[in-house]
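Atom set for the values below is all heavy atoms of this structure, side chains included, hydrogens, waters and symmetry mates excluded.
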Amino acid sequence: MKTHLLGMMALGIALTACNGKKQSDAGSPAESKASAAASVDAARLTAADSEPGSWMSYGRTYDEQRFSPLKKISTANVNGLGLAWSYKLDVDRATEATPVVVDGVMYVTGAFSIVSALDPVTGKELWKFDPQVPRDKDRDGCCDVANRGVAVWKGKVFVGAYDGRLIALDSKTGQKVWETDTVIDHERSYTVTGAPRVVKGKVIIGNGGAELGVRGYVGAYDADSGKLLWRFFTVPGDPSQPAEDKAMEMARKTWSGDTYWKFGGGGTVWDAMAYDPDLDLLYIGTGNGSTWNRQVRSPGGGDNLFLSSIVALKPDSGEYVWHYQTTPGDSWDYTATQHIMLADLTIGGEKRKVLMQAPKNGFFYVLDRATGKLLSADKYAPANWATHVDMETGRPVESEVADWSGKMQVISPGPLGAHNWQPMSFNPQTGYVYIPMQEALGAYVPDPKQTFSGKGTWHMGSQPLALPENPEELAGIAALHKGHLIAWDPIARKEVWRQDHVTVWNGGTLSTAGGLVFQGTADGRFVAYSADKGEKLWETPANTGVMAAPMTYEINGEQYVTVAAGWGGAFPLVLGGLSEPAKVRASARVLTYKIGGTASLPALQPVAANLPEPPELTGSESEVAQGRDLYNGHCGVCHGISAIAGSVLPDLRYLTPEKHSLFNGIVAGAYAAKGMPSFTGTLSAEQVDAIHQYVIKRAHDLKADLAKASTAKAEAKP
């Protein structure tokens, strides 16, 4: 059996319907409560600290520190927090947004890029906008149909739709003002999940899709009209064509061969951005290569700029200023798209304007943000792929296990990363950065013959993932995946304290002047810790896994803390077998707390379901084995590797007799409107039959496991 942890695969199946009512394209009329937010401009965003009761952008401030000066909720009274209100989001899929609160209105997004405007005191819906993303578009993304939030500017709310559109809405009514297609090639699997930023009247947005074979870029669009003002490509294109600019001329020299551009190259700008108004520099983080395996995408080697890099640009023109590459020649999916923060730190007795990042590769970086000079790089998590970073060259020193181009290697971190997209935060009072840290492994298995296979197909240059089907072996692998909240001192360059979680994929963090750090967890809790010592001071059930970062705001003298709660993303979708310790149901809600809040959540629904009687297994051993590889290569990214789902999308072992009878038709597109893409033209009828036989076999395995567990439980009773 092929068993590399997170080699990932060629795309998957999404047998799920969007729940909740259908919304119109234009949104419904707002009540007078909804403000036009007309005064949100450069001056106001730059001076965000002067109005601490608002949260006007994704990271609250341009420096993205996610620190709030509010302190009415503090270590002294946090035990009095209670639920003030909750709001049900439409789709119970990945919920990753940070709400924006400005001028008396909250703007928040859910799965499939649906935007809601809410009264932040009561949670009452003011308007809603559904961009009507085709539900089977999820096949074109790596990690669920998430959206991380909106940007506001001069009476408009901007959202990046999952299918690549950038949309401007009237902040008062939710009516569409303009719409722009940001996708340069619809034959490639581009998606947008990140929150836009607005800098000097320009809406900045990137995209995702590196695993599926796209070329990364970031674009700036006029906030008034949606017109494209500039575009910066992060990796070179067709070498037979002229390079777009001097940066691409420089980058082209670091790539080898003539096939990389056929895979797209990768380097997508799908999340991290920050802006320094004083230096007038925009910072972006870039993603992994397509394929992961450098020997496939760039067989002669090379650093492959600007993969896995932090790049500084001029926001007026998109002109390159400097870069720092965290992982030269990345072969491990070590993106540098993780949260970028700016701060002023005293290092070696000198005040420095710094940029901080904890990317996937396990090293915490501090850079001079004016020049890109490396100031420090230290391991904040287990990482065996490199021993250290050479401070003279700025390059990691790779270990013997790092090279998996010729044989399988078990490497840490794996592609889940030591820190993924979940935002960290910085508290200038303690001087600590609060990181959702992960311990995760990857067993990378090379597939040197991979070629570009078209839209909707994963390209890693590695073999499909398969997890053990034996429950005891699976539990052993799951135990190797651990989650922590750590406080990191970027000046002392060390961990100060940590809190352990039951598994990886916990929420982003918020720190406040009240001496608190807030974080949600994978097992369905929302927790407050003391910022200085990490003591747990308060927790409450969230009734679902929490991934998004909390935020806080103040209205009429009352401080509120809000988190968008909902389970999904790469970990539970792909690795349902490893996310079992969380045991949560996907239920998407906005949860808002205040001192003395008395609201309550609906009763927690159980995850487990009754197992229908599986059909007879008629396939031969070889057919089932073929079905296993096909399933893991085409279906596991959504329904879980080895047919173990993570409570987000349907677990195919629990298919009803009716669904079994419709299996071939569902795979052929009968449920496309419900989110299940068609695999016609990708899988033959015989291959679909083989996958079906494997699913049936896994249902029988589960039936036997449940019976065994029931017998053991009965025998254990006195």
Can you list everything that forms a salt bridge (charged side-chain N to carboxylate O under 4.0 Å, His left out) with [X]? Sequence neighbours excluded, please.
X: D532; answer: none
X: E51; answer: R44
X: D344; answer: R369
X: D489; answer: none

Quick one: side chain to side chain donor-acceptor pair (under 3.5 Å) partners of [X], sequence neighbours excluded?
X: T335; answer: T337, Q338
X: S68; answer: none
X: E64; answer: R197
X: T509; answer: S425

If I compare all heavy atoms of [X] with all of [Y], which pair ends up nearest, and what's the gap?
X: G149; Y: A97; answer: N-CB, 3.9 Å
X: V214; Y: G208; answer: CG2-O, 4.0 Å
X: Q325; Y: N304; answer: NE2-O, 3.5 Å
X: N506; Y: G483; answer: ND2-CA, 3.9 Å

Carboxylate-amine/guanidinium proximity below 4.0 Å for [X] and [Y]:
X: D368; Y: R352; value: yes
X: D378; Y: R493; value: yes
X: E392; Y: K373; value: no
X: K154; Y: D224; value: no

Distance (rounded to the nearest 0.5 Å) between [X] [atom1] and [Y] [atom2]:
X: R66; Y: H339; atom1: CZ; atom2: NE2; result: 5.5 Å
X: N288; Y: D333; atom1: CG; atom2: CG; result: 4.0 Å
X: L166; Y: T180; atom1: CG; atom2: OG1; result: 6.0 Å
X: L342; Y: L281; atom1: CG; atom2: CG; result: 9.5 Å
X: W332; Y: S308; atom1: CH2; atom2: OG; result: 9.0 Å
X: Y283; Y: Q357; atom1: OH; atom2: CD; result: 13.0 Å

Sorted by chain and number, sequence neighbours left out, ring pair (Phe, Tyr, Trp, His ring centres under 6.0 Å) with F426 holds for none

Heavy-atom check, side chain of [X] versus side chain of [Y], under 4.5 Å:
X: W385; Y: Y334; result: yes
X: T193; Y: E96; result: no
X: I73; Y: V561; result: yes
X: T326; Y: F363; result: no
X: N361; Y: P396; result: no
X: F571; Y: M547; result: no
X: R498; Y: M437; result: yes

Compute the centroid of each ring, for W55 and then for Y107, and state whether the two points are separated by less than 6.0 Å.
no

Kindly list each side-chain donor-acceptor pair under 3.5 angstrom involving residues 227-236, sequence neighbours excluded, with atom names and distances?
residue : atom : partner : partner atom : Å
W230    : NE1  : P315    : O            : 2.8
T234    : OG1  : G216    : O            : 3.2
T234    : OG1  : G267    : O            : 2.7

Side-chain donor-acceptor pair present, [X], [Y], cut-off under 3.5 Å:
X: R525; Y: T540; value: no
X: Y275; Y: D63; value: no
X: T254; Y: D303; value: no

Go through the structure and list residues passing side-chain contact (heavy atoms from CB on, under 4.5 Å) with K314, not counting sequence neighbours.
S317, E319, V321

Is the NZ atom of K482 crowded by more than 12 outside heavy atoms at less than 6.0 Å?
no

Is it the case that over 12 heavy atoms from other parts of the model lie below 6.0 angstrom from the NZ atom of K71?
no

Side-chain donor-acceptor contacts of residues 549-557 below 3.5 Å, not counting sequence neighbours, with atom names and distances?
residue : atom : partner : partner atom : Å
T552    : OG1  : Q559    : NE2          : 3.0
T552    : OG1  : Y560    : O            : 2.5
Y553    : OH   : P120    : O            : 2.6

Do the ring planes of H501 and Y529 sit parallel (below 30°), tilted (30 to 60°) or perpendicular (above 60°)?
tilted

On the 0 to 90° scale, with breaks at 30° and 60°, tag the H323-F306 ring pair as parallel, tilted or perpendicular.
perpendicular

May I ask you to decide if A42's main-chain N or O and T46's side chain share a donor-acceptor pair within less than 3.5 Å?
yes

Could you tell me whether the side chain of N384 and the main chain of S412 form a donor-acceptor pair under 3.5 Å?
yes

